[in-house]
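Okay, here's the structure, questions in a sec.
Being a predicted model, the structure only gives us computed values, none of them experimental.
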Amino acid sequence: MNMAMMVTRRLLHAFLLILAVLILNFLLIHLAPGDPADVIAGEMGGATEEMMADIRKNYGLDKPVYVQLGIYLGRALQGDLGQSFFYNSPVLGLVAGRAGATILLVTTALLFAIFVGTLLGVIASHKPKGIVSGLVTLVSVVGYSAPIFWTGMMLVILFAWVYPIFPIANMSDITKDAGFFGHILDILHHLILPALTLGIVYLAQYARLTRASMLEILGSDYIRTARAKGVSEIKVYGHHALRNAILPVVTIAGLQFGSIISGAVLVETVFSWPGLGTLAFEAILARDYPTILGILFFSSVLVIIANLLTDFVYRLVDPRIRAGG
Amino acid sequence: MTAIDNATEIVQSQSPIREALRAFRQSWAGMLGIIILAMVVIFTYVGPVLYPVDPFEIVWAPLTAPGQSEMAPLGTDYLGRDILAGLIHGGSATLYVGLVAGLITITIGILVGAFAGFYRGVVDEILMRVTEFFQVLPALLFAMVLVTLFTPTIYVVALAIGIVSWPTTARLTRAEFLRIRNLEYVNAARSVGARNRRIMWRVILPNALAPLIVAATLTIGIAILFEAGLSFLGLGDPNVFSWGMMIGAGREYILDGWWVVTFPGFMIFLTVLGFSLVGDGLNDAFNPKLRER
């Protein structure tokens, strides 16, 4: 299969998944107890009779269900995810405006986890029973079992009381006026604790994974050959072994993107990070259903995109797949 | 049919279960996990008898630090409710939701995975597409939507957690069924006339159970974390006291009193740790190859 066909197939697949998420949203609106118009309006009590009549007309709620689905999909594909009555703004704009912060948080945490995790895994594989190995196991057990929002709160307590060196809330300090670069530094400073909280769970997992696959690969024939040729240890680890050991990490990281977004919802709530998670939290308190469903849709699209990217990265890292198609 | 029944008996007489139990007892992780879980269960179910304080009752001044008052040994929350009473009474809801949600997850996962792996072809294609779709939805957000749209009772919460978390189990079950379905003993069962239903549930499933039991143990831990997350976001059952709810209610006050969130979070941590250690122990017990590592 050539490259163009592969890309087309992947994109088509992604499009179908997006469509499926929209259909799920539609089903959820209709399966929820009560009038769908109420769900679309959100239970704000702010919707007047006139608005409700408008909603019924616009979404064709007096027509058969399949017509309603058609209308819903048509509107959604044109970028109309409904209107948030709580924020008094279109859902798409609202969600897109908050997505940047979440993407920044999630990618920082993920890259941090992948790089540091792989590094620790390699170090641990060098001495399978050493201190680093033990530490990695300990952190992964603790990180796996502790609720992520609790870990975040423990960090808040630590860095607000004991060592107050990191900000514990929001994305930037509005009282500071330090120009463009100052603003970016300020955001990065605010990013450290949330990204650390979110990343540390995955960091330990990736370290364990890297360690396990490194140990397997280091015992294989081609590594012995490389060593016999006189290749330096650094090159054996970095060039020969790591290239293969990183494949499972890439696979898992791609698969885990959805769960990282779930984690981000909780971490954002703890640190008041102004992303999709805090938006979801506020929207749920306000029973703002269109916004909640919009967030579910948008974050699913993010996962679909991440899966596409993983697929391409995988092909870059592993030449065998590239050749095999 | 008697031939199959006899064969089952012969396999049982070698008792892989007993062997696994012995290996489990030798795994320090598994034993530590059992001890932790036993402590949590005793704390939750015997505690209320020894310490009959209503967790909703206001017993002392708000945000009293631990050790300041005999009425509240571990301090009070922002309303003046006893933290220790909350810890004792908050466990049963958490454990209940964890177990029920874990059971739902495993049931859906095994059903989907078994049919996909056994029948393959079109059935597999359709079921795996559905699984893939569910994996695209961020689980916690999906659960939040479900709980918000319906009434947040403890059952809805458990059901929502089950609905969002089955895909991993389904994939695992499918892989096991694909591996086992062509083995000789399955062919043997088929050749003596066993029907598909019998082959699926009486021949393949028992042989696929080892990894599924490990997965089930871990799933309960994950479900408990989910319940905690939902309660923390204020989406738990408001009439039921749970550890996650204590953290959610106390989160505005963490800088006024560290104990309000630290203790309940630690209980959740201990419980999940218990389940994941037991899972590790079972994994060691079922996989003799892993024991050397």
Side-chain angles (χ1 to χ4, degrees), chain A residues 13-14 16-18 20-21 24-25 28-29 31-34 39 128 141-142 144-151 153-154 156-157 160-161 168 212 215 255 257-266 269-270 276-277 280-281 283-285 287 289 292-293 295-297 299-304 307, chain B residues 29 129-130 132-151 164-165 167-168 171 218 221-222 224-230 232-235 243-244 247-248 250-251 254-255 257-258 260-262 264-266 268-277 280 293:
Chain A
H13 187 204
L16 289 178
L17 276 174
I18 291 175
V21 179
L24 174 81
N25 271 3
L28 284 172
I29 293 173
L31 285 178
V39 179
V141 170
V142 172
Y144 176 85
S145 307
I148 197 165
F149 52 92
W150 183 66
T151 320
M153 286 177 162
M154 293 300 106
V156 166
I157 292 174
W161 267 6
I168 53 163
L215 283 178
L255 278 176
F257 200 79
S259 102
I260 297 176
I261 289 192
S262 290
V265 171
L266 295 166
T269 314
V270 171
L276 293 175
F281 182 66
I284 279 170
L285 286 183
R287 300 260 170 246
Y289 296 124
I292 302 169
L293 289 171
I295 295 169
L296 180 66
F297 171 71
S299 54
S300 306
V301 172
L302 285 184
V303 175
I304 293 168
N307 286 348
Chain B
R129 288 281 172 258
V130 175
E132 196 184 346
F133 169 65
F134 271 81
Q135 279 189 316
V136 158
L137 303 163
L140 184 72
L141 274 171
F142 189 23
M144 285 163 76
V145 170
L146 289 176
V147 175
T148 320
L149 283 176
F150 301 89
T151 350
V164 302
S165 31
T168 325
R171 281 183 181 273
L218 299 177
I222 295 171
I224 288 176
L225 287 179
F226 254 107
E227 189 274 337
L230 288 172
F232 164 74
L233 293 170
L235 286 170
W243 293 329
I247 303 181
R251 95 185 175 90
I254 47 174
L255 297 181
W258 55 269
V260 181
V261 295
T262 306
F266 190 70
I268 298 170
F269 165 65
L270 268 188
T271 313
V272 180
L273 181 67
F275 279 108
S276 86
L277 286 176
D280 274 3
R293 278 196 199 162

Using a cut-off of under 4.5 Å for heavy-atom pairs, which of A:I29, A:V21, A:V156, A:I304 has the most such pairs with chain B? A:V21

Nearest heavy-atom neighbours spanning B:L141 and A:A280: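 Minimum heavy-atom separation between B:L141 and A:A280: CD2-CB, 4.0 Å.
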
Between chain B and each of A:L17, A:L255, A:I260, A:N307, count heavy-atom pairs under 4.5 Å; write down the option with the most. A:L17

Among B:I224, B:L218, B:V261, B:D280, single out the residue with the greatest number of heavy-atom pairs under 4.5 Å to chain A. B:V261

So what's closer than 4.5 Å to chain B heavy atoms on A:S259: side chain, backbone, both or neither?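 When you check distances to chain B, no heavy atom of A:S259 falls under 4.5 Å.
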
Quick check on the interface: out of A:I292, A:L266, A:L293, who has the most heavy-atom pairs with chain B under 4.5 Å? A:L266

All pairs passing side chain to side chain donor-acceptor pair (under 3.5 Å) where residues 132-147 of chain B contributes a residue, at least two apart: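 Only A:H13-B:E132, B:R129-B:E132, B:Q135-B:R171 qualify under side chain to side chain donor-acceptor pair (under 3.5 Å).
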
Heavy-atom closest contact (B:S276 atom, A:Y144 atom, distance): CB-CE2, 3.6 Å

Any idea how A:W150 and B:F266 line up, ring-wise: parallel (<30°), tilted (30 to 60°), or perpendicular (>60°)?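 Plane angle between 30° and 60°, so tilted.
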
Taking all non-hydrogen atoms of both residues into account, name the closest pair between B:P138 and A:V303 and its distance.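 Shortest heavy-atom separation between B:P138 and A:V303 comes out as CG-CG2, 4.2 Å.
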
Minimum-distance pair of heavy atoms, taken over all atoms of A:S262 and B:L140: OG-N, 2.9 Å

Could you go through B:F142 and A:L28, starting from their C-alpha distance and side-chain angles, then the distance that decides it, and tell me whether this counts as side-chain contact (heavy atoms from CB on, under 4.5 Å)? CA-CA 11 Å; B:F142 189 23; A:L28 284 172; 4.2 Å; yes

Distance (rounded to the nearest 0.5 Å) between B:F269 CZ and A:M154 CE: 12.0 Å

Looking only at B:T262, B:L270, B:I222, B:L277, most heavy-atom pairs under 4.5 Å shared with chain A are made by B:T262

In terms of heavy-atom pairs under 4.5 Å with chain B, which of A:L285, A:V141, A:T269, A:I148 leads? A:T269

Apply side chain to side chain donor-acceptor pair (under 3.5 Å) to A:T151 and list each qualifying residue two or more places apart in sequence or on a separate chain.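 For A:T151 there are no side chain to side chain donor-acceptor pair (under 3.5 Å) partners, ignoring immediate neighbours.
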
For each of A:L16, A:L302, A:I261, A:V142, tally heavy-atom pairs with chain B at distances under 4.5 Å, and name the one with the top tally. A:V142

Between B:L137, B:I268, B:L233, B:I247, the one whose heavy-atom pairs under 4.5 Å with chain A are most numerous: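 Of the candidates given, the most pairs with chain A belong to B:L233.
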
Test A:V265 against B:M144 for side-chain contact (heavy atoms from CB on, under 4.5 Å), laying out the working first. CA-CA 10 Å; A:V265 171; B:M144 285 163 76; 3.9 Å; yes

